[in-house]
Structures are given as structure tokens and as C-alpha cells.
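Below, chains carry the letters A, B, ... as their sequence lines are ordered, and counting in each starts from 1.
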Number of protein chains: 2
Amino acid sequence: MASRAKATILDIARQAGVSKSTVSLVLQGSGLIRPETALKVRKAIEDVGYVYNRGAANLRKAHSNVIGMVINDLTNPFFAELAVGMERVFQSAGVVPFIANTAENPVRQEEVLKSLMEQGVAGLVVSPARGTTPGAFRRVEAAGVPVVFVMRRLPESRIPVITPDNHRGAYLATAHLIGKGHRRLAFFGGSSDLVVYHERLGGFREACEALGIAPADRLVFEGETSRKGGIACLETALAMAAPPTAALCFNDAVAFGVLLALRKRGLEPGADFAVVGFDDVAEAEHYMPALTSVSVNTAGLGERAAHVVLKMIQSRTTRAEDHIGAVNLVVRESCGPDRKEHGCAGMGDAA
Amino acid sequence: MASRAKATILDIARQAGVSKSTVSLVLQGSGLIRPETALKVRKAIEDVGYVYNRGAANLRKAHSNVIGMVINDLTNPFFAELAVGMERVFQSAGVVPFIANTAENPVRQEEVLKSLMEQGVAGLVVSPARGTTPGAFRRVEAAGVPVVFVMRRLPESRIPVITPDNHRGAYLATAHLIGKGHRRLAFFGGSSDLVVYHERLGGFREACEALGIAPADRLVFEGETSRKGGIACLETALAMAAPPTAALCFNDAVAFGVLLALRKRGLEPGADFAVVGFDDVAEAEHYMPALTSVSVNTAGLGERAAHVVLKMIQSRTTRAEDHIGAVNLVVRESCGPDRKEHGCAGMGDAA
DNA sequence: CCTATTAAATGGAACGTTCCAATAAATCAA
DNA sequence: TTGATTTATTGGAACGTTCCATTTAATAGG
């Protein structure tokens, strides 16, 4: 059944008794071919066990149907969700996206981009690795390949960005905590080499200022954007003379870490210490306690990013508008009941 | 800086004042070229903004350096971990793997495989989607492309498989529960269209038989292999006249669901109902309570799979030995303290 | 029946690489 | 000096497609 050397359209042509051009037309679904001929060809294709050689085809055709998705951390469920959102769109557009993971490593990212370019991708959706250098996308841009960034942006870049409204999300969350009666607030996790960090922290600060929290009562703890980072932040914060009573976390992973660390110390998340996450990953809803979080509509952002890159490819441009996605605060249990003044644990039930 | 039409080695040749053959040799790092010539060429490459066209190259070369990883569900952290384990190996072998997600959909899998083949992959590592038909890999095999399955196998296939020792893992976990004093045991989640399911369930059954659990006291609940599935299984089980007191779950996701559902009912996982997971994902250790689970060395399996496919490619064979990875039970809190006879909740502290 | 028109099928020249065989230049042996 | 050998470089024929320009066959118009 399996012939050794791989079959080409010439083999098919011979088998079907037509010319290679005819075979090519059939492969492309051209209507110029008489149905019976097409059928004969299709049978031959089966018989010889043909696999289309896209590399050869791309030599002549303008561009391929391959799109690259470059993700900074696939083991982070948030980015996995994002990737899956994009995938859905690409799939229904008839393109197969190839996913590459950079593991938050700029060098790896460079390699991955190079490889994707060499495959002749038609476009790229990238969530850049932390520490990406300003020039990292120079070659991609020079080659005229459409790129869109998702979730993260580079400080100076002209590349279009699809991102949630981080500032507003953080503002909403912070305002909610203040509304609950908290007066000493912390921002946990993240580091200043991420543009997103500044956006979220900015929202936090603005809410504190607008709603009358003294600068001395807002505490910022940088840290890893992971469970571990959250644990560390909480430890540091609770070791203070006057610890905060609530925290907005850079993302849900950090928040999960905080919940965990609270439990470990025998504190009740929500009642003893309020925590709010960011991103609203699927797990947030099912956590114990369920995590209050800023929903960014992850899948929606992914879909949007995919649509934008598809449109860019189609209209052969390398420019597009940025998109700032709407956010909203999903209140669950982790931010606890309303807080009665400065007592240590509130007892009220809800607002 | 960016010329419109993309540069080829001919442009480089012109720029550097050498022949295209020389450029080609430089690109391949051949030692036949005089160092100063090579330098001149490399400079020209930079100047014209050249991107290597791997498609064109593959037309002449035997096979590409692309390897495909086909994953059934990337949003499942377990498979994400697995993918990352493979990636590490491929990376250090100088190949860039492209990851494709099938979302547990055989039709999607078919498309993805087709696309990967068309790109001319040198090899494939696949964790087949549930419901994959027996013939799904016929064309891949016919084309002589090395494939290895990881974690899952197809009933009849000759394709090599890398998988943990599911039977033994389930046996160990079940024996542990019985050792704790449980006499009415359940197996939660999974469905019989997965070979893994039968392996794990087999281990469960064998342990029950060997250690004197009456057939009537071992309960099997099929269900989704997700948190939701776990929740559903627990609900059904507890609704029984004589409910089980412990469960071995098909995987950690199911186990997490069970822990959640227990809490929702006001039951204390471990003390009131023992649960053991399977796979030992990173999260298991950090859960509340920490989940007892069968560790399968996820990353190690991924690495092994990657090595096997690399070796197959290198030795141009399509055969390899199966590999059954060692497992071990990681005991944490979710299986609770030793159980004193048939009381409803144990009070002892540890063994 | 001949010519115009339409429909279907085809040959051949690209596309950007690799690699073999061949050439040119440099070095060496005598 | 001359031929043999080694070292660098090069032209050209593939590789498997697409697509333009043609050819061939079928149909219609008069």
C-alpha cells in the first residue's frame, strides 16, 4: 500500500491518465474540470497515497495558510484559554494555526519567530515573553508579515494590540474593596518590566486616590506572577507592623497563592482578608472559596485577535487599530462580607 | 529598510558578489568557504533582510526539521505539562516543535494531521483525541512518517506508545485506601472509549479482589474526565443507600471536582470521604486539602516520547518499543487519616 | 459545412533552494 | 617549469507545485 518515494501530482496524473495541470486544478477545486474527470483524479489521489506538498505550492503562491500563535506560557491556564479562543476562529476560517510556546524566554521567542517565518507564515498572533527586547520584531516587521500582540504590549511598538482595559479593571476591583470598608490595601504580584503591570497598578492607585485612601495605606508588593508569588507577597505583607486587610492581585494565579497562604495560616479568606484576582480564569469560579476576579473575557479577546490578524492578512496591511476589551468585576466569595470599621473579622452577611 | 519583494539567496549573492551556491553553503555553515567570504555573505544577508525559505529547501532536502505535537486538550494542565516536557527535549535537539490542539475532536485531529503532513513534518508525537477511529493514522503511516503516541493508545495500532503504568498506579492507590480501612470503594470518572480507562479501572478491580473487597462493595461511576464530571460522580454516589467512603478518581481534574463537591455539602475531604487522584499535576500539591495522587512523572514521559521520536527519525524507522513509565503514589491530605471501622467520620490523626 | 464561441485539458516556465560535477585558483612535488 | 593535488567557488539540473498561454474538443450560429 505504501510506496517508498512519496507520490507527486505527476504520479497522480499518470495514474489517472491526465496532465499534471489537470490534477492541480482538481486539487484546488477549480470548476473548470469536468466532474467525471475530477472524480477519476480524486480516485487516483487516494490510490497513490498522495500528500500535498505545501512547501512546493507556496513557492508559487503568494502566501501560505499557516498562522503562528506565539504564547509566552502555555502551562498558564489563562493563556491556554486565550489560545483556544483564537484557535476556534482560525479553524472556522480554514487555517490551521501552529502554536509555539516561548516559556517566557526571549531567546526562545527569537528562535520560534525565526522558525515560523521560515515556514512562511501568513500572520502571527503573539503574546510577547517578558523581557522581550524592543527590536525583537524588527525582522518580522521588515518582512511585512502581519502581527498582532495580545494581552501584552511592547513599550514603543507600532504593532497593534488586543488587550483588556487593565486600568479600568483594576479601578473597579479596588473601588469594590474600598466600598466594602477596607482602608489599608495591597497590590500583590507582577513586576515593572510588564506594561500590563503599570496599567493595572495605575488603576489601583487611581481608585485609591479618588476614594480617599492615604498614600501610606496603599502597599505595593512586586512578585512572581504565579501561585508562589502570591504566597510570598502575603507572607511579607502580614509580617508588617500594620498589615493590609485586602489585596488586589496582579492575576488569578497570584490570588490563588494568597488564598492558599491564608488557609495555611489559619485565616479565613474573605472574612479575615479580602482578595480579588484578575483575568477570571475558569478555575476562579470553582475555587474554595470562589474567587472574586476581574473578568477580561479571555476567549473573546483571543477571538478578536484572531479576527484582526485574519483581516490584516486579507487586506495585506501590517497595521490595525488597537482594541481595548471591556472588563467587569465578578464578585464571589473571596472578598468577603462588608467590613464593619476596623474590627479584625466582619460578621455581616452581604451587601 | 524593508524591500517589497522578499529577498532570496540570489539577492544575497548579487549583494555580496558571489554565486548563489556560495551563499547556500554559508547558510548551511559549510567549512568549505573561506572565512572572509562567509563574513561578507553574512553581512549581505543582514543587509537585504533575508528570511530563509524552508519550503523551498525541503523540496530538495530529504526531510524537514519540523516536528508536530498533536495534543488532545491544551487547556488541561496535565497535557500542557506534558507538551512542555517534550518541548524542552526538542529545543535542545535544535528542532522547533509545532503544537496543535485537537480539543478532543477526531475531525479536528484529522485536519490537524493533514496540515502537519502537508508541511512535511519529520515526525509526530500524538496524544490521540477521544473517539479516534482505528484508521485515523493510516495515511500518516503510509507516508512513512514516524509517530509516537503518548498517554493514550489506540486499541489495535502498531504505533509505539509511551504511557505510565496505569494498572499499577491504580492498584497502589486502591491498596492504600483499603489499607486505611475503607471497605466500600468507588472509581470515579472516565469512560470506556479510552484504553487508559480500562487500564486504570483494571488496577482498581484487581486490588479490590486481591485485598478482599466484595464485588458488591466496589462501585464504578463513569463520567466526564473533568471537575464537572467529578462533581456529578460524587452526587450520584452519595445519593445511594449505602454510599462509598472513598474514591479513586480517573484523573486529578475529577478528584478536584470531588473535593469541591464535598466541601459544598459541608463534608470534610479526607476525614469524611477519602479521595485519590491520578496524574499528580502541579496543582495537586497546592490544593486545599493537598491531593493524594498517583504521580506519573508527566514531564519525564514527555521527554521520553520526544527522545523516541527523534531516534526514530534519525534511524529512519517507523517502529519503536513501547515504554511503560514507573508510577508512585504521593500521599497527601485528601485521603485522610486511618479509618476506625465503620463510623461515619474518623478522628485519629495519622498512621 | 464552415467559422465563432465556449469548455476542457495541457505544456512549460517560473518559484527558492540543494548538491553534484565542473572550473578556477592556489599550493606543492619533482 | 610542469603536472598533480588541494582549496574555493560556481553553474545548472533537480525538487513539486501554480498559472499563463495554448491547444484540442465540443457546441452553436449562420
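Straight-line distance from the CG atom of A:L32 to the C1' atom of D:dA25: 15 Å, rounded to whole Å. The separation between B:N58 atom CG and C:dT18 atom P is 9 Å, rounded to whole Å. When the C1' atom of C:dC19 is taken as reference, atom NZ of B:K61 falls 12 Å away, rounded to whole Å. Atom CD of A:E118 is separated from atom P of C:dG16 by 16 Å (rounded to the nearest Å). What separates CD1 of A:I12 from P of C:dT10 is a distance of 14 Å, to the nearest Å. Taking atom CD1 on A:I9 and atom P on C:dG12, their separation rounds to 15 Å, with Å as the unit. Here the P atom of nucleotide C:dG11 and the CG atom of A:L25 are 13 Å apart, to the nearest Å. Atom CG of B:L10 is separated from atom C1' of C:dC15 by 11 Å (rounded to the nearest Å).
Phosphate proximity of C:dA7 to A:R34: absent, as no side-chain N or O sits under 4.0 Å from OP1 or OP2. In this model, the phosphate group of C:dT17 is not approached by any side-chain N or O of B:Q28 to a distance below 4.0 Å at OP1 or OP2. Contact annotation: A:T22 side-chain N/O to C:dT10 OP1/OP2 distance is under 4.0 Å. In this model, the phosphate group of C:dA8 is not approached by any side-chain N or O of A:T37 to a distance below 4.0 Å at OP1 or OP2. The shortest distance between the side-chain N/O atoms of A:S19 and the OP1/OP2 oxygens of C:dT10 is below 4.0 Å. Applying the 4.0 Å criterion to OP1 and OP2 of C:dT18, one finds that B:S24 has a side-chain N or O inside that range.
Side-chain atoms of B:N53 lie closest to C:dT17 of the nucleotides C:dT17, D:dG11, D:dC19. The A:Y52 side chain lies nearest to D:dT17 when the options are C:dT10, C:dT17, D:dT17.
Within 4.0 Å (heavy atoms only), B:I33 reaches sugar-phosphate atoms of the nucleic acid but no base atom. If you check every strand for non-hydrogen atoms under 4.0 Å, A:S21 touches a base. Among the heavy atoms of the strands, none lies under 4.0 Å from A:L27.
Annotation: B:R139, atom CZ; neighbour count of heavy atoms from other residues, nucleotides and ligands within 6.0 Å does not exceed 12. Crowding of A:E321 atom CD: a count of heavy atoms from other residues, nucleotides or ligands under 6.0 Å not exceeding 12.
Toward the 5′ end of DNA chain D lies the nearest nucleotide of B:G31, the other residue of the pair A:L59 and B:G31 mapping further downstream.
At a cut-off of 3.5 angstrom, the base of C:dG12 holds at least one donor-acceptor pair with the side chain of A:K20. Judged by atom type and distance alone, B:R60 does not reach the base of C:dT17 through any side-chain donor-acceptor pair under 3.5 Å.
The residues A:E141 and A:R138 are annotated as not salt-bridged, no charged nitrogen and carboxylate oxygen being separated by less than 4.0 angstrom.
What you find for B:V161 and B:D322 is that their closest heavy atoms are N-OD1, 3.1 Å. Nearest heavy-atom pair, B:M151 versus B:V196, reported as atom, atom and distance to 0.1 Å: O-CG2, 3.6 Å.
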For A:Q109 and A:T132: C-alpha separation, side-chain torsions, deciding distance, then whether side chain to side chain donor-acceptor pair (under 3.5 Å) applies. CA-CA 8 Å; A:Q109 179 172 267; A:T132 299; 3.0 Å; yes
